[in-house]
Amino acid sequence: MPSFIVICSCVFTMLLAPLLALASAPSPTIGSPALVIVPPWVNATQLAQTAQVAQLLSSSAPMGAFVVPTNAEDVTRLLENGAWFVIDGKRIAEFCAI
C-alpha cells in the first residue's frame, strides 16, 4: 500500500507539472507571438480563424497554434471562442528552439 501511494504521487506530479507551467506562463505581449492552447476536440487553426487572429505558422500542433495578437481584444476573442490558455509565445519558442 505505501508503494501505491508513492507511485500515485509521482504520476500526479508528472501530470500536474506541465499544467502549472502553462498556467504560470506570462501573458502575451501585443504584436509578438502568442501560443494558444486549446482542448483536444477543438482545432487550433480554426479557432484562430474564427477569432480573426493571424497565425504565425501555417501548421499547428494537435492542441495549440502560434498566433500574433494585434490588440487585447484578440486575446479576449481567443479565450471566448474556446482557448484554454493564451501565453507568451516567444518564451515557448525559445524553450523549444523554434
What are the two closest non-hydrogen atoms of V53 and V67, and how far apart are they? CG1-CB, 3.7 Å
Output for pair (E73 CD, I30 CD1), nearest 0.5 Å, gives 10.0 Å
To check you understand the geometry: which heavy-atom pair defines the closest contact between F66 and G89, and what is its length? CE2-O, 3.6 Å
Let me confirm one number: the CG-CG distance from D74 to L79, rounded to the nearest 0.5 Å. 11.0 Å
Are L15 and F85 linked, directly or through other ILVMFWY residues, by side chains that come within less than 4.5 angstrom of each other? no
Any chance you could measure T50, atom OG1, to L78, atom CG, to the nearest 0.5 Å? 10.0 Å
Same hydrophobic cluster for V38 and W41, using side-chain heavy-atom links shorter than 4.5 Å among ILVMFWY? yes
Is the backbone N or O of P28 less than 3.5 Å from a side-chain atom of S32, with the two atoms forming a donor-acceptor pair by type? no
State, yes or no, whether a side-chain contact exists between L35 and D88 at a heavy-atom distance under 4.5 Å. no
Give me the atom names and distance for the closest heavy-atom approach of R77 to Q52. NH2-O, 3.7 Å
Which atoms form the tightest heavy-atom contact between V75 and P69, and what is the distance? CG2-CB, 4.0 Å
Can you see which heavy atom on Q55 is nearest to which on A48, and at what distance? CG-CB, 3.9 Å
